[in-house]
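All values below were derived from every heavy atom in this structure, side-chain atoms included, with hydrogens, water molecules and symmetry-related copies excluded. Every chain is numbered from 1, with letters handed out A, B, ... down the list of sequences.
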Protein chains: 2
Amino acid sequence: MAEQAFGEALLGLSHVIQRRHTQICADHDLTPAQAQLLCMVKDGPRRMAELAASLGMAKNALSQLVDRTERRGLVHRESDGNDRRVITLAVTAAGKEAAEAVHADVARRLPDLAEGLSPGDRRQLHGLAASVAAEQCPGRTCS
Amino acid sequence: MAEQAFGEALLGLSHVIQRRHTQICADHDLTPAQAQLLCMVKDGPRRMAELAASLGMAKNALSQLVDRTERRGLVHRESDGNDRRVITLAVTAAGKEAAEAVHADVARRLPDLAEGLSPGDRRQLHGLAASVAAEQCPGRTCS
DNA sequence: TATTGTTATACTCTATAACTATA
DNA sequence: TATAGTTATAGAGTATAACAATA
């Protein structure tokens with residue numbers, strides 16, 4: 001068994017997680033980007049600028065992602081009224097349903113990746129992953 | 001501090017790793033896909049079909065990735081001689097240099113993500129990540 | 001003038017289907 | 001006929017730059 005450096009091990013873990021997540025999203029006819037967007041608006045409308053910042057993407061990239069997601073009937077743009085420059089994004093009923101289905105499936109199927117570990121090791125990994133993610137990217141609990 | 005489910009914690013960890021890796025690749029003027037390709041051919045030529053299987057992508061998708069990478073002067077196609085259908089892919093000098101630079105940078109900078117952990121926790125995470133990655137995706141040690 | 005969001009354009013990545021050349 | 005690889009086409013994602021409307 002080759003000694004694998006820490007960096008490579010993290011990268012390998014990330015790859016298997018990403019691959020499984022993409023599959024889960026695809027099973028619900030979603031791309032990962034759209035699933036993430038839905039997750040952030042499923043509990044109430046949010047401004048475009050706020051979403052772009054949370055997603056770590058430029059506002060124009062978000063605008064294009066929203067275009068595609070809106071075309072699928074999963075979200076819709078709304079005017080805010082007070083400031084007429086502002087657009088808020090809300091989920092549709094179909095979007096909310098999809099978001100919750102993916103979220104449940106992530107919780108159910110992603111942990112399978114660690115099925116080869118002992119229960120104690122799984123708990124360890126759970127805690128360490130949460131700790132690193134929280135430190136590097138605070139306020140980002142999304143499927 | 002919100003209780004984060006295991007699936008969400010894994011996803012959060014994967015996101016921060018992926019983001020950092022993409023940045024490291026970009027610092028060397030590479031995309032993650034191209035860096036991965038370079039990594040697989042940097043120690044000797046490989047057949048297209050073999051590469052496609054290793055990368056988990058269809059052979060036509062690989063052909064296109066190779067097109068872009070070859071256009072940048074990082075790899076080049078060679079005929080195998082024996083079977084004239086076969087094409088082998090080799091790195092150029094520039095490609096080899098880039099591959100090794102990225103590889104070194106991954107080893108140097110990716111572990112920083114875990115800098116908030118104790119040395120013991122880092123060792124734990126290292127072992128657990130390597131174990132899960134090896135089980136889910138054997139033979140895949142690549143930057 | 002500064003801010004919010006969009007449009008235009010370009011490039012990467014990946015997928016499906018149809019294709020060429022060799023075996 | 002089967003295999004190795006390519007080409008055509010399309011859609012998703014993201015980036016930069018220029019733009020429109022509102023404050």
Side-chain angles (χ1 to χ4, degrees), chain A residues 15 18-19 21-23 25-41 45-90 98, chain B residues 15 18-19 21-23 25-41 45-90 98:
Chain A
H15 277 138
Q18 215 66 35
R19 200 174 49 180
H21 182 233
T22 300
Q23 184 56 58
C25 290
D27 289 346
H28 295 273
D29 275 313
L30 288 176
T31 64
Q34 290 174 10
Q36 198 184 351
L37 178 63
L38 287 183
C39 184
M40 306 197 97
V41 295
R46 315 248 322 249
R47 290 165 160 236
M48 295 293 278
E50 186 191 355
L51 286 169
S54 294
L55 293 167
M57 71 199 315
K59 57 188 181 174
N60 28 25
L62 174 63
S63 202
Q64 294 158 343
L65 173 59
V66 168
D67 286 345
R68 291 186 297 270
T69 314
E70 193 169 27
R71 220 178 291 139
R72 295 193 175 182
L74 301 173
V75 295
H76 61 97
R77 289 169 160 104
E78 293 174 344
S79 292
D80 185 53
N82 287 357
D83 185 336
R84 282 162 57 191
R85 291 173 305 184
V86 172
I87 296 286
T88 60
L89 195 68
Chain B
H15 277 139
Q18 213 68 35
R19 199 174 51 179
H21 182 233
T22 300
Q23 185 56 59
C25 290
D27 290 347
H28 295 272
D29 276 314
L30 289 176
T31 64
Q34 291 173 9
Q36 198 183 353
L37 177 63
L38 287 183
C39 184
M40 305 198 98
V41 295
R46 315 248 323 247
R47 288 163 162 239
M48 294 294 278
E50 188 191 354
L51 285 170
S54 295
L55 292 166
M57 69 198 318
K59 57 189 181 173
N60 29 24
L62 174 63
S63 202
Q64 296 159 341
L65 174 58
V66 168
D67 285 345
R68 290 185 297 270
T69 313
E70 193 169 27
R71 221 178 291 138
R72 296 194 175 182
L74 300 173
V75 296
H76 60 97
R77 289 169 160 104
E78 293 174 344
S79 291
D80 187 51
N82 287 357
D83 186 334
R84 284 162 57 191
R85 291 171 304 181
V86 172
I87 296 285
T88 60
L89 194 68

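Counting heavy atoms from C-beta on, the side chains of A:L51 and A:V66 never come closer than 4.5 Å. Counting heavy atoms from C-beta outward, B:R47 and B:I87 have side chains that stay 4.5 Å or more apart. A:L89 places a side-chain heavy atom less than 4.5 Å from the side chain of A:L37.
Listed by residue number, A:T31, A:A33, A:Q34 are the residues of residues 27-35 of chain A with a heavy-atom contact under 4.0 Å to DNA chain D. Contacts with DNA chain D (heavy atom under 4.0 Å) in residues 56-65 of chain B: B:K59, B:N60, B:S63, B:Q64, listed by number. Near DNA chain C, meaning a heavy atom under 4.0 Å away, the residues from residues 81-88 of chain B are B:N82, B:D83, B:R84, B:R85. Taken residue by residue, residues 66-77 of chain A places heavy atoms nearer than 4.0 Å to DNA chain D at A:R68, A:R72.
Remark: the backbone N or O of A:L55 is not paired with any side-chain donor or acceptor of A:Q36 at under 3.5 angstrom.
In this structure, CD in A:Q23 is found 10.0 Å from NE2 in A:H28, a value given to the nearest 0.5 Å. For the atom pair A:T22 OG1 and A:D27 CG, the distance stands at 11.0 Å (nearest 0.5 Å).
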### Query
After noting the C-alpha distance and the side-chain angles of B:D67 and B:R77, does the key distance pass the side-chain contact (heavy atoms from CB on, under 4.5 Å) rule?
CA-CA 10 Å; B:D67 285 345; B:R77 289 169 160 104; 3.1 Å; yes
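The two atoms that bring A:Q34 and A:T69 nearest to each other are CG-OG1, 3.4 Å, heavy atoms only. Of all heavy-atom pairs spanning B:C25 and B:P32, the tightest one is SG-CA, 3.9 Å.
Using a 3.5 Å distance cut-off with no hydrogens or angles, the side chains of A:R46 and A:S54 do pair a donor with an acceptor.
Contacts between chain A and DNA chain D, taken as any atom within less than 4.0 angstrom of a protein heavy atom, begin and end at D:dA12 to D:dA23.
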Enumerate, atom names and distances included, each donor-acceptor pair closer than 3.5 Å involving a side-chain atom of residues 57-65 of chain B, sequence neighbours excluded.
none

